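Just so you know, residue 1 is the first one in the sequence shown, and it goes up from there. What you see is a predicted model, and the numbers here were worked out from it, not measured in a lab. Atoms within each ligand, like the ligands themselves, are counted from 1 in listed order.
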Amino acid sequence: MKKKVSAVLVLVLSVMLVIAGCGTGNNNGGNSANSNSNVAKDTDKQQNETEATSGASQASYTPIDQLKDKYDVIIIGAGGAGMTAALEAKANGMNPVIFEKMPVAGGNTLKASSGMNASQTKFQKEQGIDDSNDSFYDETLKGGKGTNDTEMLRFFVDNSADAIDWLDSIGITLNNLTITGGMSEKRTHRPEDGSAVGQFLVNGLLKNVQEQGIPLFVNAKVTKINETDGKVNGVTIIFNETDEKNITSDAVVVTTGGFGSNMELITEVRPDLEGYVTTNQEGSTGDGIKMIEALGGTTVDMDQIQIHPTVQQEKSYLIGEAVRGEGAILISKEGKRFTNELNTRDKVTAAINALPEKSATLVFDSGVRSRVKAIEQYDKMGFVISADTIEALAEKLEVPADNLKATMDTWNSSVSKKEDAEFGRTTGMDNDLSGAPYYAIKIAPGIHYTMGGVKINTNTEVLNKNGEPITGLFAAGEVTGGLHGQNRIGGNSVAEIIIFGRQAGIKSAEFIKVAK
Ligand code: ADP
């Protein structure tokens, strides 16, 4: 789903810009305009890998000299779930702090591309899409092979529309709808211009965090969650890899993301995945899982690791599902389709791996390109092959031109009949692929998302092995397991971090009020 530092760099710049423009400063230690040399260093290093492209400016996080010894709520990790939890904790009267180990905020959330799934939303209604929470529930459960935690899933779908409204209320409007694999309705909400959701979301959340004066410290790695007599009461952090400090709090919210960059852990739970590239940012190492296990927390589905079918291999860069959602097809080196491109990710991955070449090519036209803004970024990164005719594209791809021509003709006639006799595709067929120029991106599967993680309940309380909450400990987002079962639907992780991130902020605040 997410991360890389170049993106981070630009993001940082834009974020900081936002921050610099909006900072209010307050007695919680709100951001100041000081620059952060570590950020600049890191971002420079990885600039050529960046996917973020929006405006840039001077940005900064909270300076270390504003660190206090105590906060109401400590939030570990400044991805989408963490920033969302912080905003809700603050709105519910708390004084939260966010610690982020990387030089910038955003985590894997920054790399999210497709959008945020939600049902029965105002934007769907405005656009005449008659969706239901029940069908969102049923299709997600089917996609997860019936193994999803059904209580979590019910809470998730029933709170999805409200999460879209909440984002809209804080200036993050996701009103452009598309579809992802395994879904029957357009319920994937994107920014108005169709651009990738991750950077837009992270920028918007950071702006709000700044406006609310919530302190956000970067280069601040949490190494331990502390407790006394079974009650969580703070964390140990290391700043800039040197200075260690204990900070106390009444509650801790763990939003450290998944472990998709921890190849040691991945190959321990899934030896068959050795050698796969990963789309994950380098900070996704499963720290939260390890810290929670040390407190007696338990995990679920740790071996359920999602392989995304369309990853550009040289840069380990995810090519979002919206490309297929808006009409692209996949072809083999024979120039032929070989699967329903909008089947669930596990099935499309299996189909690619069944080809002798274990890789494939996305083919699309100028219409798809105009509808999916992320393609501009893919082009800037050198991934997009283009040609004025199908024959010329076939030549560049070194696939048989006759085959590719026949594939395109058959596909375009399937689109006009709304029936894919070959592979039974039923979605992403609003437009055919007849608008020159034509484009292609070579892909193969890559490690994308860790569906397993720590076990929580719908109050986001972290559970121990007996299913009892660990007092004062909450978690949300990719660090948790259960919601997605054995296969995550595209667009559901962004929904998860907002829905459960909000819940973690609200429930940790409630817990503190009751405890006091
Ligand atoms: P989610 O999608 O669940 O919000 P993300 O991957 O977007 O997850 O964000 C998780 C964030 O947590 C990342 O920015 C990551 O660098 C950060 N993080 C991970 N481990 C730690 C840690 N030990 N201390 C502080 N931050 C951490």
So the atoms of ligand 1 within less than 4.0 Å of a heavy atom of Thr109 turn out to be 1 (P), 2 (O), 4 (O), 5 (P), 7 (O)
Contact region, Asp287 to ligand 1, non-hydrogen atoms below 4.0 Å, reads side chain
For Gly77, the ligand 1 atoms with a heavy-atom partner under 4.0 Å come out as 11 (C), 12 (O), 17 (C), 26 (N)
In ligand 1, the atoms that come under 4.0 Å of a heavy atom of Met102 are 16 (O)
Evaluate whether atom CD of Glu376 has more than 12 neighbouring non-hydrogen atoms of other residues, nucleotides or ligands under 6.0 angstrom away. yes
### Derivation of the side chain to side chain contact (heavy atoms under 4.5 Å, CB included) call for Leu295 and Val232
CA-CA 9 Å; Leu295 291 173; Val232 164; 4.1 Å; yes
Of Glu478, Glu282, Lys101, the residue with the heavy atom nearest atom 18 (N) of ligand 1 is Lys101
Is there a polar contact between ligand 1 and Gly80, counting only N or O atoms under 3.5 Å apart? yes
Does Val479 reach ligand 1 with a nitrogen or oxygen that is under 3.5 Å from one of the ligand's nitrogen or oxygen atoms? no
Shortest non-hydrogen pair, Gly288 vs Val254, comes out as CA-CG1, 3.8 Å
Restricting to heavy atoms, the pick from Glu100, Met83, Glu496 nearest atom 16 (O) of ligand 1 would be Glu100
Compute the minimum heavy-atom distance from Gly106 to ligand 1 and say whether it is under 4.0 Å. yes
Short version for Leu110: what comes under 4.0 Å of ligand 1, heavy atoms counted, is neither
Numbered in order shown, the ligand 1 atoms found under 4.0 Å of a heavy atom of Gly477 are 3 (O)
Ligand 1 to Ile497, heavy atom cutoff 4.0 Å, flagged ligand atoms 1 (P), 2 (O), 3 (O), 4 (O)
Under 4.0 Å from one or more heavy atoms of Lys221, ligand 1 contributes atoms 23 (N), 24 (N)
A student checking ligand 1 against Phe99 at a 4.0 Å heavy-atom cut-off should list atoms 25 (C), 26 (N)
**Asked** Among the heavy atoms of Ser493, does any lie under 4.0 Å from an atom of ligand 1?
**Response** no
Under 4.0 Å from one or more heavy atoms of Gly283, ligand 1 contributes atoms 19 (C)
